[in-house]
Amino acid sequence: MSLISPSRRVRRTPFSDGVEAAGVKAYTVYNRMLLASVFRSPEEDYHHLKSAVQVWDVSCERQVELRGPDAARLMQMLTPRDLRGMLPGRCFYVPIVDETGGMLNDPVAVKLAEDRWWISIADSDLLLWVKGIANGYRLDVLVDEPDVSPLAVQGPQAEDLVAAIFGDGVRDIKFFRFGMFDFQGRSLAVARSGYSKQGGFEIYVEGSDLAMPLWHALMEAGKSKDVRAGCPNMIERIEGGLLSYGNDMTDDNTPHECGLGRFCDTQTAIGCIGRDALLRVAKEGPVQQIRAIEIAGGKVPGSDRAWSIKAGDKRVGQVTSAAWSPDFGTNVAMGMVRMTHWDPGTHLQVETPDGLRDAIVREDFWL
Ligand code: THG
């Protein structure tokens, strides 16, 4: 059963048969590809993610591959994060900005070799920007979207499950690094990363033919661990302060507004697009920034729009993601707040779809 009308514009993934058989209840669309959003219920999925292990079809985290002598130069043009110390086998969370310093994407850069990179993208058409830069500057580099589909294994039991398939070697992989490991005679990048704070791995499945065999192998090996098909969980990711491009930020925001200033080395990232604009914003400092916000009252409704944040009659920001947290017994949220009202402990009001609620700026996220 699916309420999304079938269309070639909304791409299936190499794991879609497994996702459907597991009883997916809702999808979203991400990079023009299906991404499951609910299996049992957001709350049930959340408790299970935090106590067991889940296998996530995150094929929609498409790769932009850079291949050739100018690959490293192009990668540094794309991000204000200094990549000079980045060795092959490393993954870096990298802001990508346009010439005005506006966020275009917040992907994970994967360095396979000096002349071969993957950019594991969030939901925007980054391939077009990268092709445009490569061609405009006449760089000696091939830019395309390879047949690579990430499969995430997340949760407290993720390491044991991934070790059961790839061997105990995966236990030595450090956070945001990857190693090459064999599955059915093929070598795959296995990274310790993923869009949750529960710990886990991402397997970059190169070749769609390997997808369902790997899916079945993980489900079989994980039976005793109560492994389930899962998906990025909105409640857990807000608790953990993980940003969602298109929701919590857009090209109207600078990395500094998004709290990603720590990933900008604008002084030393020579040649990066948007450098002059970022040098300006870094000097002045942002006038609004992402904050953790607690919203009073019972469970907030879901939403497809930002909710105004008020201080009396004045609009001082917007809530961009919010959910009821069963573990914290409150609504956890993130939002963009003006500097006059961003200090921890500041009392605010939020215009939710079911009325005005009291809210408070938190010191930190919840995890
Ligand atoms: N993994 C991979 N690709 C992705 C995502 C992913 N592409 C889309 C989307 N997620 C990109 N956005 C993010 C956002 C946050 C993180 C990763 C990708 C993340 N952040 C950690 C944090 O903020 O705590 C760690 C950042 C760090 O310290 O380097 O993991 O999840 N392949």
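Quick note: numbers below take in every heavy atom, side chains included, and nothing from hydrogens, waters or symmetry partners. Since the structure is predicted, the reported quantities are computational estimates derived from the model, not experimental observations. Numbering of ligands and ligand atoms starts at 1, following listing order.
With F39 as the aromatic partner, R228 does not meet the cation-pi criteria of under 6.0 angstrom to the ring centre and within 45 degrees of the ring axis.
Applying the salt bridge (charged side-chain N to carboxylate O under 4.0 Å, His left out) test to residues at least two apart or on different chains, the pairs with a partner in residues 354-367 are E294-R362, D354-R357.
Within 4.0 Å of ligand 1, contacts by protein heavy atoms are made from Y30, E61, Y93, D106, V108, S120, I121, A122, F175, F176, G194, Y195, K197, E202, Y204, L242, F263.
With respect to R171 and E159, a salt bridge is recorded, a charged nitrogen being found less than 4.0 Å from a carboxylate O. Salt bridge status for D144 with K131: absent, with no side-chain N to carboxylate O gap under 4.0 Å.
Sparse packing is recorded around OH of Y137, with 12 or fewer heavy atoms of other residues, nucleotides or ligands lying under 6.0 Å away.
When ring centroids are compared, F176 and F92 stay outside the 6.0 Å threshold.
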